[in-house]
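Beneath this line is the structure, given in structure tokens, with notes to follow.
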Amino acid sequence: ILNVEQSPQSLHVQEGDSTNFTCSFPSSNFYALHWYRWETAKSPEALFVMTLNGDEKKKGRISATLNTKEGYSYLYIKGSQPEDSATYLCASPNQAGTALIFGKGTTLSVSS
Amino acid sequence: NAGVTQTPKFQVLKTGQSMTLQCAQDMNHEYMSWYRQDPGMGLRLIHYSVGAGITDQGEVPNGYNVSRSTTEDFPLRLLSAAPSQTSVYFCAAGGQTSGYTFGSGTRLTVV
């Protein structure tokens, strides 16, 4: 079974702080790396899908980088706001590329 | 555009009862999956499908069956519910390079 690891498990920051989380995944047979945002009582929503080594994607204050050779991705949030409070999940396709395997997520709490 | 529709939203079952969680998508995605969410465990893959007539087991398939007779529908069946199956279930449809869309979830309690 593919192993996708995320750290830290949880994080608490003050409004305006910048923060980042890590996702590590097996670097062999790489297909893609997904990031999802999951707010309490809602469903996960796709943030980024990254496929190329060195890829960097950005959506507003959130950005992500990808290193497929060493098997890690970083998610950055610049100037955190209370509305950024959520669990951030990363996922990688299984060995056949037919389903996503998720990490356990990083739960971010932003205080005003 | 509904995306992925899951029913029911809530369900309480007695141990040993059976039920089917429904999932339908209108995005014409070939790939569909079922996950369960438990505290501290993240989303764990139960079963998945790569197209009509093709299904496979995920990380935690025991106690669940699936079928995929059409591209749109991917129901999850609990044949004999157990308290260990108390969880929140999510259906998702998408692709490895296009991202997945999730349903709104089904909160199942087995007593």
Side-chain angles (χ1 to χ4, degrees), chain A residues 1-10 21 23-26 29-53 55 57 59 62 64 66 68 73 86-107, chain B residues 2-7 9-10 23 25 27 29-62 64 66 68 74 76 88-107:
Chain A
I1 296 291
L2 195 73
N3 206 27
V4 179
E5 303 283 348
Q6 290 188 249
S7 63
Q9 182 177 349
S10 62
F21 330 129
C23 173
S24 63
F25 53 89
N29 205 29
F30 175 80
Y31 286 99
L33 192 284
H34 295 225
W35 281 100
Y36 290 80
R37 171 188 162 87
W38 193 3
E39 292 181 72
T40 302
K42 294 188 177 181
S43 303
E45 292 185 348
L47 279 173
F48 305 114
V49 179
M50 309 175 79
T51 57
L52 298 175
N53 185 44
D55 224 359
K57 297 215 171 181
K59 183 181 290 187
I62 304 176
L66 178 67
T68 61
S73 176
T87 295
Y88 292 84
L89 299 169
C90 74
S92 188
N94 60 2
Q95 288 189 340
T98 49
L100 288 182
I101 304 298
F102 282 84
K104 294 183 180 179
T106 293
T107 299
Chain B
V4 178
T5 303
Q6 269 186 255
T7 56
K9 291 191 183 301
F10 303 94
C23 177
Q25 57 122 347
M27 300 176 294
H29 285 307
E30 291 297 326
Y31 292 4
M32 296 185 74
S33 299
W34 275 103
Y35 295 90
R36 59 178 289 173
Q37 179 221 347
D38 302 293
M41 302 298 291
L43 288 171
R44 291 185 292 171
L45 181 66
I46 305 171
H47 284 284
Y48 61 95
S49 170
V50 299
I54 307 170
T55 64
D56 207 344
Q57 296 181 351
E59 302 166 281
V60 288
N62 292 340
Y64 307 95
V66 292
R68 184 99 179 266
F74 189 41
L76 178 72
V88 181
Y89 293 85
F90 287 96
C91 178
Q96 50 174 287
T97 59
S98 61
Y100 276 69
T101 299
F102 283 78
S104 57
T106 296
R107 185 173 294 273

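Naming: A, B, ... by sequence-line order, numbering from 1 per chain.
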Parallel under 30°, tilted from 30 to 60°, perpendicular over 60°: which one fits the rings of B/F102 and B/Y35?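 B/F102 vs B/Y35 ring planes: tilted.
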Could you tell me whether B/Y48 and B/Y31 have their ring centroids closer than 6.0 angstrom?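 Not under 6.0 Å, so no.
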Flag the pair A/F102 / A/W38 as yes when their ring centroid distance falls below 6.0 Å, and as no otherwise.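 No; A/W38 has its ring centre 6.0 Å or more from that of A/F102.
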For B/S33, is it the side chain, the backbone, both, or neither that has a heavy atom closer than 4.5 Å to a heavy atom of chain A?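 Side chain only.
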Is B/Y100 close to chain A through its backbone or its side chain, or both, or neither, when contacts mean heavy atoms under 4.5 Å?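 Both parts, heavy atoms under 4.5 Å.
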Top contributor to chain A contacts, counting heavy-atom pairs under 4.5 Å, from B/R107, B/Q37, B/M41, B/R44: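 Result: the option with the highest number of such pairs is B/Q37.
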I'd like to know which of B/V50, B/T101, B/L43 tops the heavy-atom pair count under 4.5 Å against chain A.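 With the most close heavy-atom pairs to chain A, the winner is B/L43.
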Might you work through the side chain to side chain donor-acceptor pair (under 3.5 Å) test for B/S104 and B/K9, ending with a clear yes or no? CA-CA 8 Å; B/S104 57; B/K9 291 191 183 301; 3.0 Å; yes
Looking at A/T106 and A/F21, would you say the former's side chain and the latter's main chain have a donor-acceptor pair under 3.5 Å?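 No; zero donor-acceptor contacts below 3.5 Å.
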Side chains of A/Q9 and A/K104: closer than 4.5 Å at any heavy-atom pair?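 Not in contact.
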Does any backbone or side-chain atom of A/F48 lie under 4.5 Å from a heavy atom of chain B? Answer side chain, backbone, both or neither.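 Neither; nothing under 4.5 Å.
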So what's closer than 4.5 Å to chain B heavy atoms on A/T51: side chain, backbone, both or neither?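 The answer is the side chain of A/T51.
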If we define contacts as heavy-atom pairs under 4.5 Å, which of [options] has the most with chain B?
options                      : result
A/T107, A/L100, A/V49, A/L89 : A/L100
A/S43, A/A91, A/G105, A/A96  : A/S43
A/G97, A/A46, A/P93          : A/G97

Hey, is CD on A/E39 packed in by over 12 heavy atoms from elsewhere, all under 6.0 Å?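 Yes, CD of A/E39 has more than 12 neighbouring heavy atoms, counting only those of other groups under 6.0 Å.
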